[in-house]
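Index from 1, following the sequence.
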Amino acid sequence: RSILFLQLIKTHALLPSRNYIFGYHPHGIFCFGAFCNFGTEATGFSKKFPGIRPHLATLAGNFRLPLLRDYLMSGGICPVNRNSMDYILSRNGTGNAVVIVVGGAAESLECVPGKHSVTLKNRKGFVKLALQQGADLVPVYSFGENEVYKQIVFEEGSWGRYLQRKFQKLMGFAPCFFHGCGIFSTNSWGLVPYCKDINTVVGEPITVPKIESPSQNEVDLYHDMYVQSLLKLFDRYKLKFGLLETDTLALH
């Protein structure tokens, strides 16, 4: 009663002579697609992208627990902080790919089955980092990430959403009220994810020049290029993975 199928789709080759920042969308509840594709070899990342070492960035708090920390580090996972990402992209040679779940905790509060939206409009820090390090930007979209759990979504302005935001500011992540199915039956509630496919599509890299002190206009320019690339990626593959022609990707 777990995920039926998880697939990593390569659309373009990545050069080992370059470094990359992957923007992963959407967050979902547990980022299953991000973890399985870029934190493990479950879908054969190294065979599909030879010479590229993925480093999934996650909350720094996850590294405070000794056993969990060792497990995460064994998979190349790093804290989502500036020092770690700077080191990987500037002092660890080339062929590195830092994977950032751009929407973060804010996006997790909106993930429900059938909804296609990402928190991206004002998320520009990863673009500035790419310019400062000369790392190419790669959009990644996981079709089905929002389908594996059902969530109770509180409306903006409600007490539920207010408490979620407060908790997010204090702890770095947002508490989601969600459920999957039971161990023995899909008709019961539990924490087992629903039997859904997750298809993770790695898009075309956007070549980024190295600019130590990029201006806001330069950051905005490459952010716009990234947004357009992500939208095209979504539209190109949505029919293949069961969406309708009329389905669009909403940006928040």
Side-chain angles (χ1 to χ4, degrees), residues 7-15 17-28 31 33-34 37-38 48-49 52 54 56-57 80 85 89 96-111 114-147 198-252:
Q7 180 181 202
L8 178 66
I9 296 98
K10 172 184 178 180
T11 63
H12 292 78
L14 300 181
L15 300 175
S17 58
R18 298 286 294 171
N19 282 328
Y20 301 90
I21 293 180
F22 287 18
Y24 183 88
H25 315 270
H27 184 286
C31 296
N37 287 303
F38 307 117
K48 293 178 180 177
F49 298 98
I52 305 298
L56 177 61
V80 62
M85 293 186 290
L89 296 172
N96 299 289
V98 173
V99 184
I100 301 174
V101 184
V102 178
E107 192 172 270
S108 68
L109 296 177
E110 301 293 338
C111 65
K115 186 172 184 178
H116 316 291
S117 66
V118 295
T119 302
L120 181 59
K121 279 186 178 180
N122 297 317
R123 300 294 174 100
K124 300 182 180 181
F126 74 106
V127 177
K128 185 176 181 180
L129 175 63
L131 285 163
Q132 291 173 329
Q133 297 295 345
D136 293 347
L137 288 166
V138 182
V140 179
Y141 194 86
S142 271
F143 294 88
E145 183 73 65
N146 285 347
E147 309 298 317
I198 295 181
N199 295 285
T200 303
V201 186
V202 180
E204 182 178 4
I206 301 167
T207 302
V208 176
K210 185 172 183 178
I211 305 174
E212 291 187 5
S213 299
S215 66
Q216 189 59 52
N217 286 338
E218 290 168 327
V219 172
D220 291 343
L221 172 64
Y222 280 91
H223 183 268
D224 288 342
M225 291 171 62
Y226 179 88
V227 168
Q228 293 306 313
S229 183
L230 177 64
L231 291 173
K232 288 179 181 178
L233 185 69
F234 179 86
D235 288 337
R236 179 181 176 187
Y237 285 91
K238 63 184 180 182
L239 294 179
K240 182 176 181 179
F241 298 123
L243 275 63
L244 302 175
E245 184 65 46
T246 53
D247 286 329
T248 58
L249 182 60
L251 304 180
H252 298 289

- Minimum side-chain heavy-atom gap I206-Y226 below 4.5 Å: yes

- Closest non-hydrogen atom pair between N146 and G28, with its separation: OD1-CA, 3.6 Å

- Query: Can you find a heavy atom in the side chain of N199 that is under 4.5 Å from one in the side chain of I9?
  - Reply: yes

- Message: More than 12 heavy atoms of other residues, nucleotides or ligands under 6.0 Å from CD of E212: yes or no?
- Response: no

Donor-acceptor pairs under 3.5 angstrom involving side-chain atoms of residues 116-124: please list them, not counting sequence neighbours.
unit_1	atom_1	unit_2	atom_2	d
R123	NH1	V102	O	2.8
R123	NH1	G103	O	3.1
K124	NZ	D220	OD1	2.8

- Tell me, do N96 and Y20 make a side-chain contact under 4.5 Å, heavy atoms counted? no

- Atom NZ of K232: over 12 foreign heavy atoms under 6.0 Å: no

- Are any of the side-chain heavy atoms of V208 and I21 separated by less than 4.5 Å? no

- How far apart are the C-alpha atoms of E245 and L239, what are their side-chain angles, what is the distance that settles it, and do they pass the side chain to side chain contact (heavy atoms under 4.5 Å, CB included) test? CA-CA 7 Å; E245 184 65 46; L239 294 179; 3.2 Å; yes

- Task: State, yes or no, whether a side-chain contact exists between E145 and Y24 at a heavy-atom distance under 4.5 Å.
- Result: yes

- Does any non-hydrogen side-chain atom of H12 lie less than 4.5 Å from one of P205? yes

- Message: So does L8 get a backbone contact from the side chain of K48, meaning a donor-acceptor N/O pair under 3.5 Å?
- Response: yes

- Message: What I'd like to find out is whether the side chain of F143 reaches to under 4.5 Å of the side chain of P26, using heavy atoms alone.
- Response: no

- Message: For D136 and N19: C-alpha separation, side-chain torsions, deciding distance, then whether side chain to side chain contact (heavy atoms under 4.5 Å, CB included) applies.
- Response: CA-CA 6 Å; D136 293 347; N19 282 328; over 6 Å; no

- Taking all non-hydrogen atoms of both residues, which atom of A57 and which atom of V98 are closest, and how far apart? CB-CG1, 4.5 Å

- Message: Please give me the minimum heavy-atom distance between E204 and T11, naming the atom from each residue.
- Response: N-OG1, 3.8 Å

- Query: Can any side-chain N or O of D247 pair as donor or acceptor with the backbone N or O of L243 at less than 3.5 Å?
  - Reply: no

- Task: Could you tell me whether the side chain of F22 reaches within less than 4.5 Å of the side chain of L14, counting heavy atoms only?
- Result: yes

